[in-house]
Amino acid sequence: MRNSFFRQVFWNRFRANRFAMAGALLIVALFLVSLLAPFITPYGPDELDLYHVLMPPSAAHWFGTDDLGRDVLTRVIYGARISLKVGFVAVGIAVAIGTVIGLVSGYYSGHLDNILMRVVDIMLCFPTFFLILAVIAFLEQSIWYIMIIIGLTGWMGVARLVRAEVLSLRERDYVMAVRALGACDARIIFRHILPNALSPVLVSATLGVAGAILTESALSFLGIGVPPPTPSWGNILTAGKEYIEFAWWLTLYPGLAITVTVLAYYLVGEGIRDALDPRLQR
Amino acid sequence: MIAYLLKRILLLIPLMLGITLITFTVVHLAPGEPVEMQISMNPKVTAEARERLKEFYGLDKPLHVQYAVWVKKLVMLDFGRSFAPDNRPVIDKIRERIPITLSLNVISLLIEFGLALPIGILAAIRRDTLFDKGMTVFVFLGFAVPTFWLALLLMYLFGVTLGWLPVSGLHSLGSEDYGPFLWFWDMVKHLLIPVSVAAFGSLAGLSRYMRSTMLDVIRQDYITTARAKGLRERTVILRHALRNALLPVITLLGLSVPGLIGGSVIFETIFAIPGMGQLFYGGVMARDYPLVMGILVIGAGLTLIGNMLADIGYAFADPRIRHGQGR
């Protein structure tokens, strides 16, 4: 996507898509909110107030308070930090692994390709959530382990995508030309093939962020994700389940936050896909 | 066709070996020793007893020997004994849970396909109408709503506020004394929320997929030809287009197996359904290594079989593959 004309076309098409733009704005807003959290809310995320436990939403506490009297709105805002971090780091890891494996597999083909692709097939057989659970539960609770494990179990799709791109790019004339000029494999792969193979990865990375946020919240909900007292949307919901009969606000708001965030990433991902798809003309 | 089937089945062997290798590595790379869990509950265990315990489970041998022993037993469907206090064979524990998880998944798959295919087809035919747009919004929501949250909301609405449906387990207390009809009705009521939430979660992806394959097919020349012959639109869509549009969906059926099995952990924990997901969750928390490895292998094996059946189904449905032109 280095070609400026192509970038212009892409941007024009993306901008014309109202849903995608709405998603992009939402994501920017989320980043701002989580960055400016201490200035937005007067409470601290761990600030206990045992005189006001499980209070329904009011002027002082817009989203109510939880079982320890903490302000739910504050915790939802701070939870955004966790979700955004997990999404980006986990997907970064997955994309890095997937891209390297896809490049190597597609460029060298032969036996190496065969072995790597069988590994992908095998990894895809595992119910991902089981695999994550099996590893996470044996480690001490930490947000870093979560990001790493989600990344380590999510690279297979990217590897397949990149490999398919490389297989077709490898045979192009311009690659032949670079090779005839005496460039080494590493240079051909990283300078000439990689930049052209990245656009489909962009779509799957964006959708991957949404997936990672959902996975993290599910893990935290089960009590093996982000360790308390750090607020994460998933672990607020754990308390929500506990007190569902008395405090609906503890369940409603963090779930809405997850839904809106994931929705935003999906809209952007779909927008990028449509903007990159040459078959769709507007 | 027979050659194709044989090839598919032979391919299962190396894949299955790979599955066992990854399972073993994942579980054994994790820090902490399995016997610690049993010992920590009983402070009186001596160092000698700890060694005996290790020896009993074969944990004193080098890893590759442990792996070889484990795989050799797997071939005979011997998954070892659970580390849990009851010490039962893992295979027995899994065998009593699998039917529950599988039948739940099959029911929600049926609902999902029953709704998603018509929705996808209609959205494709009536592209850009209000229906299509409404469905697009619905589909995005289906992607974005965390299923466990939806489950909680429905539990609150139907279980707590309205009190129409029970919110946990498979049967009510004392349901053994009900007549067969009431017993069944009781179970249906327990399953209503879990099954519809599970179906809703994957409904979105499937209907979207159906819509896009249908759109691809409708654009093709032979559909124009069918229309030009003067066939009724209904015939064109249902007889000519649908058949080809359904082909890729068969593959998706196989691919959806791991997601369904993985999702069962959350559903079964929320609704206290005694299935494989709940068993796995408990096993993981208690560091019951043989159980965890057994379920991982069986879960991945089920996916493998699901994929193979989907491929074979595809071959039956598509003569291009059956007669060996495709791959």
Side-chain angles (χ1 to χ4, degrees), chain A residues 19 23 115 118-119 121-140 149 152-153 207 210-211 213-215 217-219 221-224 233-234 237 240-241 244-246 248 250-252 254-267 269-270 279, chain B residues 11 14-19 21-23 26-27 29-32 136-137 140-141 143-153 155-156 159-161 167 255 257-266 269-270 277 280-281 283-287 292-293 295-296 299-304 306-307:
Chain A
F19 284 114
I115 292 171
R118 288 302 82 73
V119 173
D121 287 347
I122 291 166
M123 284 293 289
L124 282 173
C125 281
F126 285 98
T128 318
F129 202 72
F130 273 28
L131 210 52
I132 295 176
L133 213 62
V135 184
I136 287 281
F138 291 154
L139 299 167
E140 68 179 287
I149 303 297
L152 284 179
T153 50
L207 300 181
I213 290 175
L214 281 176
T215 307
S217 64
L219 286 172
F221 175 69
L222 286 179
I224 46 179
W233 294 336
L237 280 170
K241 187 196 174 212
I244 194 161
E245 288 170 48
F246 327 104
W248 52 266
L250 220 46
T251 297
L252 183 69
L256 269 182
I258 302 175
T259 307
V260 169
T261 311
V262 171
L263 190 63
Y265 278 101
Y266 269 121
L267 290 176
E270 289 272 322
R279 282 184 308 172
Chain B
L11 199 65
L15 289 178
M16 209 55 217
L17 260 179
I19 287 173
L21 193 62
I22 289 184
T23 302
V26 160
V27 172
L29 275 187
T136 307
V137 173
F140 274 118
L141 276 181
F143 272 128
V145 174
T147 42
F148 61 92
W149 179 59
L150 188 64
L152 285 180
L153 289 183
M155 250 169 106
Y156 179 71
V160 180
T161 313
V167 291
L255 287 177
V257 176
L260 285 172
I261 297 180
S264 64
V265 176
I266 299 174
T269 320
I270 293 182
F280 186 74
Y281 182 66
V284 156
M285 289 324 232
R287 301 212 170 184
V292 170
M293 293 200 294
I295 296 184
L296 275 177
L302 281 178
T303 310
L304 205 58
N307 283 341

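Reminder, nothing fancy here: chain letters follow the sequence lines and each chain counts from 1.
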(request) Could you check if a side-chain atom of B:I261 sits within less than 4.5 angstrom of a side-chain atom of A:F129, using non-hydrogen atoms only? (result) no

(request) Evaluate the side-chain proximity of A:T128 to A:T215: yes if any heavy-atom separation is below 4.5 Å, no if none is. (result) no

(request) Answer whether the closest heavy-atom distance between the side chains of A:F19 and B:T136 falls below 4.5 Å. (result) no

(request) Could you check if a side-chain atom of B:F143 sits within less than 4.5 angstrom of a side-chain atom of A:V262, using non-hydrogen atoms only? (result) no

(message) If you count heavy-atom pairs within less than 4.5 Å of chain B, which of A:I132, A:I258, A:L214, A:L133 leads?
(response) A:L133

(request) Could you tell me which portion of A:F126 (side chain, backbone, both or neither) has an atom closer than 4.5 angstrom to a non-hydrogen atom of chain B? (result) both

(request) Under 4.5 Å heavy-atom distance to chain A, tell me which part of B:F140 shows up: side chain, backbone, both or neither. (result) both

(message) One pair to check against side chain to side chain contact (heavy atoms under 4.5 Å, CB included): B:Y281 and B:S264. What are the steps and the verdict?
(response) CA-CA 10 Å; B:Y281 182 66; B:S264 64; over 6 Å; no

(request) Between chain A and each of B:T23, B:I22, B:L11, count heavy-atom pairs under 4.5 Å; write down the option with the most. (result) B:I22

(message) Heavy-atom pairs under 4.5 Å with chain B - which of A:I224, A:L252, A:V260 has more of them than the others?
(response) A:L252

(message) Taking every non-hydrogen pair under 4.5 Å, which of B:V292, B:N307, B:L304, B:V265 racks up the most with chain A?
(response) B:V265

(request) Please state whether the side chain, the backbone, both or neither of B:F280 comes within less than 4.5 Å of a heavy atom of chain A. (result) side chain

(message) Does any backbone or side-chain atom of A:A218 lie under 4.5 Å from a heavy atom of chain B? Answer side chain, backbone, both or neither.
(response) both

(request) Name the option with the most non-hydrogen atom pairs under 4.5 Å to chain A; the candidates are B:L141, B:T147, B:L296, B:V145. (result) B:L296

(request) Would you check if the side chain of A:Y265 reaches a backbone N or O of A:I213 as a donor-acceptor pair within less than 3.5 Å? (result) no

(message) Shorter than 4.5 Å, heavy atoms on both sides: which option in B:T269, B:I270, B:L153 has the most such pairs with chain A?
(response) B:I270

(message) Taking every non-hydrogen pair under 4.5 Å, which of A:T261, A:L124, A:L131, A:L256 racks up the most with chain B?
(response) A:L256

(message) Any heavy-atom pair between the side chains of B:I19 and A:C125 that's under 4.5 Å?
(response) yes

(request) Would you indicate whether the side-chain heavy atoms of B:Y156 and A:T251 approach each other to under 4.5 Å? (result) no

